[in-house]
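First up is the structure itself, then whatever we jot down about it.
Values reported hereafter were calculated over all heavy atoms of this structure, with side chains retained and with hydrogens, waters and symmetry mates removed. Order of listing sets the numbers, starting from 1, for every ligand and every atom in it.
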Amino acid sequence: MGIINATPDSFSGDGVAFDLVRAVEQAHAFVADGADILDIGGESTRPGAVPVGAEEEIRRVVPLIEALRELKVPLSIDTFKPEVMRAALAAGATLINDINALRAPGAVEVAAASDAGICLMHMQGTPQTMQDDPAYENVVAEVKAFLVERIEACRAAGIGRERIVIDPGFGFGKTSEHNLELLRGLDRFVATGYPVLVGLSRKSVLGRLTGRKVTERVAASVAAAIAAVARGASIVRVHDVAATRDALAVWCVAAKSTLPGVAQ
Ligand code: HH2
């Protein structure tokens with residue numbers, strides 16, 4: 001899953017702001033490099049980010065989704081706002097990627113009324129406060145229990161199990177140690193039977209491990225993606241599509257696993 005941030009302030013430093021032409025070029029390059037899904041976001045959720053209103057978010061993402069429909073890869077909308085979900089689905093998105101796991105009033109209803117895929121992500125707190133003092137007694141068990149509860153809420157609203165993906169939410173209300181425990185415990189999420197999405201690309205835990213700044217974390221991000229897939233992740237959400245795809249192509253052959261579209 002290639003990340004397209006139609007934002008001026010994303011933590012990764014690769015947001016394409018309001019430049020539609022640049023965003024479309026980035027999307028085409030990601031698909032040429034082997035992305036199977038494009039995740040489009042119009043609001044940064046990095047720690048301490050300034051919130052954006054729904055109208056502004058729609059203005060950022062809808063023209064981009066409309067421009068990318070011709071690409072024929074699934075388009076994911078990265079939002080927690082029901083109004084943005086609705087507008088993005090109408091424009092052609094087929095996956096709702098919600099860092100808030102459809103907890104906003106009306107979000108489950110919008111998802112249930114569509115036939116879109118849903119990614120339910122765990123977050124402790126809000127982007128404004130989540131890194132203040134994240135605390136868990138058992139991070140893997142608590143994050144998993146939260147996701148199971150959100151799966152049940154979706155199922156009760158009539159959302160089929162085949163539409164649901166889960167994500168432990170790396171970096172969202174977690175210390176570096178919490179993130180590493182979640183990565184080591186990924187098999188517990190895989191054991192739910194739901195596909196697992198992992199988003200570790202360029203995140204600060206990788207900066208802590210390597211001492212590198214955000215734009216210098218490509219190798220660390222690729223290693224994290226491979227570690228996640230090796231532990232059973234089905235989708236990796238990445239900024240560096242070509243590097244990740246190449247590494248996975250080699251790793252998959254060596255591990256005798258398969259990757260769609262890659263010759264064995
Ligand atoms: N991480 C970010 C945003 N959305 N969605 C899922 N499902 N999982 C993640 O780990 C995840 C996500 C943060 O990364 P990015 O979009 O690059 O940064 P920003 O929020 O600053 O735009």
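Formation of a donor-acceptor pair under 3.5 Å by the Q124 side chain with backbone atoms of F172 is not found in this model. Distance alone, capped at 3.5 Å, places no donor-acceptor pair between the R60 side chain and the T7 backbone.
Relative ring orientation between Y136 and H178 is described as perpendicular, the plane-to-plane angle rising above 60° on a 0-90° scale split at 30° and 60°.
Which parts of ligand 1 touch I99 is read off a 4.0 Å heavy-atom cut-off, strictly below it: atoms 4 (N), 5 (N), 12 (C). Near N5, with a cut-off below 4.0 Å to any heavy atom, the atoms of ligand 1 are 15 (P), 16 (O), 17 (O), 22 (O). With ligand atoms numbered from 1 in the order given, ligand 1 contributes 3 (C), 19 (P), 20 (O), 21 (O) to contacts under 4.0 Å with heavy atoms of T45.
Side-chain contact between P195 and I235 is absent, with no heavy-atom pair separated by less than 4.5 Å. Contact check for V140 versus R184: no side-chain heavy atoms found under the 4.5 Å cut-off. Contact of the L206 side chain with the R202 side chain is not registered, since no non-hydrogen atoms from C-beta on lie closer than 4.5 Å.
Residue-level proximity to ligand 1 for H239 is carried by the side chain, the only part with a heavy atom below 4.0 angstrom. By the criterion of a heavy-atom distance under 4.0 Å, both the backbone and the side chain of R46 are placed next to ligand 1. Contacts between D39 and ligand 1 below 4.0 angstrom, taking non-hydrogen atoms only, are absent altogether. Residue-level proximity to ligand 1 for L197 is carried by the side chain, the only part with a heavy atom below 4.0 angstrom.
Residue N97 places at least one N or O, backbone or side chain, under 3.5 Å from an N or O of ligand 1. Of the N or O atoms in D78, one or more lie within a sub-3.5 Å distance of an N or O in ligand 1. Remark: ligand 1 and R237 share an N or O pair separated by less than 3.5 Å (distance only, no angle test).
Here D167 does not pair with R237 in a salt bridge; the nearest charged N to carboxylate O distance is not below 4.0 Å.
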